[in-house]
Amino acid sequence: MTCGQLLGPAQARLNAISTSTQYEWMTGWFPAIGVDRLKGVVINRAVDGSFQSRLALQLAEIRTDKPGAPILLEASYLQGAGERCSGLLDVSNDTAANFFMRLGVAYSVQTGASPAGADVGFQVAYDACGQVVGGASLNLATPGTASQHVPITGWLPAIHADKVKALIVVTNAFGAFRAQLAYRTATSIQQITNAWSTNFEGAWHSGNGEYNTGELALSTGSAMWIQFGLEHSLSSGANGGAQVDTAVAIRRT
């Protein structure tokens, strides 16, 4: 699991039309798992008018076509021509509850209403001791209130998994269907397993919906292996089920 990552360099000609903030995303969407801190460089060259820029972040809890509002990073704008390093930025409170992120530049006219522009360079380094480890698309039949378990990843080295984060998207639910993330361990060999967890999240996801578990701490003890799955049951009655799509990411701390 490689922790250090480097994005860029990238450059774009940015033209600000007013003092209202505009955004240029210099990266695509990528997993936010384990991204606690980053450091970036912004460079303004060939500046026209009263131009200013700074690093920006955008997050998506579940789907990248449904992102949250952009977040301004750094303490202030870089005004006019020049370059600077942001220093170390702690983004752990922003990334912990989200599954995807992207980075870029926020920019605007510093003063006045006249247009302004610059050739803006961008580069970011970050630590992310985490990775997406799998998922599954499941068509589940749930007979009753007794818990059922189904694997959604293969077996993984437990040393890589201090915390886990998962997406659970439920559609076409019928009956009193409910589900939550689960895991099991194997002490030495994968063929001899310990029991699946029960009520690992501490709360069920009931019926149709899109759910992000957030970061959940794991306790694997002396186990060599870990596997993630889905626990599902009915809260009452009989004969239910749903289509469930999942993705799972793990991280070290």
Donor-acceptor contact below 3.5 Å, side chain D90 vs main chain S92: yes

Option passing salt bridge (charged side-chain N to carboxylate O under 4.0 Å, His left out) with E74 (candidates R84, R54, K39): R84

Step-by-step side-chain contact (heavy atoms from CB on, under 4.5 Å) determination, Q58 to W29: CA-CA 9 Å; Q58 190 172 35; W29 290 101; 3.9 Å; yes

From NZ (K66) to CD1 (I62), nearest 0.5 Å: 7.0 Å

N/O donor-acceptor pair under 3.5 Å between K165 side chain and A96 backbone: yes

Salt bridge flag under 4.0 Å for residues R37 and D127: yes

Side-chain donor/acceptor of N98 to backbone N/O of E61, under 3.5 Å: yes

Minimal non-hydrogen separation, W155 against T185, with atom names: CZ3-C, 3.8 Å

Shortest non-hydrogen separation from S86 to L89 and the atoms involved: OG-CD1, 3.7 Å

CD on E210 to NE2 on H205, rounded to 0.5 Å: 12.5 Å

Side-chain heavy-atom pair M101, L57 within 4.5 angstrom cut-off: yes

Expected output: side-chain Q79 to main-chain Q52 donor-acceptor under 3.5 Å: no

Polar contact flag, side-chain donor to acceptor under 3.5 angstrom, N44-E83: no

Backbone of R184 reached by a side-chain donor or acceptor of Q227 within 3.5 Å: no

Audit row: S233, W204, side-chain contact (heavy atoms from CB on, under 4.5 Å) steps and yes/no: CA-CA 10 Å; S233 69; W204 291 95; 3.7 Å; yes

Atom of R178, atom of S206 and distance for their closest heavy-atom approach: CB-OG, 4.0 Å

Shared hydrophobic cluster, W25 / Y107 (ILVMFWY, side-chain heavy atoms < 4.5 Å): no

Within-4.5 Å side-chain heavy-atom neighbours: V169 and V244: no

Shared hydrophobic cluster, F200 / Y211 (ILVMFWY, side-chain heavy atoms < 4.5 Å): yes

Working for side-chain contact (heavy atoms from CB on, under 4.5 Å), residues K163 and I250: CA-CA 6 Å; K163 292 185 177 182; I250 59 173; over 6 Å; no

Flag side-chain contact, heavy atom, 4.5 Å: I152 against L181: yes

Side-chain heavy-atom pair V35, I33 within 4.5 angstrom cut-off: no

Backbone N/O of D36 and side chain of T95: donor-acceptor pair under 3.5 Å: no

Using a 3.5 Å cut-off and no angle test, enumerate the donor-acceptor pairs between side-chain atoms of residues 139-149 and protein atoms at least two apart in sequence or in another chain.
{"residue": "T142", "atom": "OG1", "partner": "H232", "partner atom": "ND1", "Å": "2.8"}
{"residue": "S147", "atom": "OG", "partner": "E231", "partner atom": "OE2", "Å": "2.7"}
{"residue": "H149", "atom": "NE2", "partner": "S197", "partner atom": "O", "Å": "3.0"}

Ring centroid separation F51 to Y77 under 6.0 Å: no

Cluster check I168, F99: I/L/V/M/F/W/Y, side chain < 4.5 angstrom: no

Side chains of F177 and N208 in contact at under 4.5 Å (non-hydrogen atoms): no

Polar side-chain atom of W225 near backbone of S188 as donor-acceptor pair, under 3.5 Å: yes

Any donor-acceptor N/O pair, T153 side chain to G135 backbone, under 3.5 Å: no

More than 12 heavy atoms of other groups within 6.0 Å of I159 CD1: no

4.5 Å side-chain heavy-atom contact, V164 and V248: yes

Gap separating the CD atom of Q5 from the CG atom of L38, nearest 0.5 angstrom: 12.5 Å

For the student: nearest non-hydrogen atoms of G82 and L78, plus distance: O-CD2, 3.7 Å

With S137 via side chain to side chain donor-acceptor pair (under 3.5 Å) - residues at least two apart: Q243, D245

Criterion side-chain hydrogen bond (donor to acceptor under 3.5 Å, both in side chains) on N199 and Q180, from CA distance to verdict: CA-CA 7 Å; N199 198 27; Q180 65 175 294; 2.9 Å; yes

Gap between atom CZ of R252 and atom SG of C129 - 0.5 Å precision: 5.5 Å

Side-chain donor/acceptor of S18 to backbone N/O of S20, under 3.5 Å: yes

Where L103 and L7 come nearest, the two heavy atoms and their spacing: CD1-CD1, 4.0 Å

Polar contact flag, side-chain donor to acceptor under 3.5 angstrom, S108-Q22: no

Note, I43 side chain near V120 side chain (heavy atom, < 4.5 Å): no

Evaluation steps, side-chain contact (heavy atoms from CB on, under 4.5 Å), between L72 and Y23: CA-CA 10 Å; L72 297 175; Y23 299 92; 4.0 Å; yes

Side chains of L6 and Q123 in contact at under 4.5 Å (non-hydrogen atoms): yes

Smallest separation among heavy atoms of I226 and Y183, with atom names: CD1-CD1, 3.7 Å

Joint cluster assignment, L55 & F30, ILVMFWY side-chain distance < 4.5 Å: yes

T213 side chain to A166 backbone, donor-acceptor under 3.5 Å: yes

Linked, directly or transitively: L73 and L59 (ILVMFWY side chains, under 4.5 Å): yes

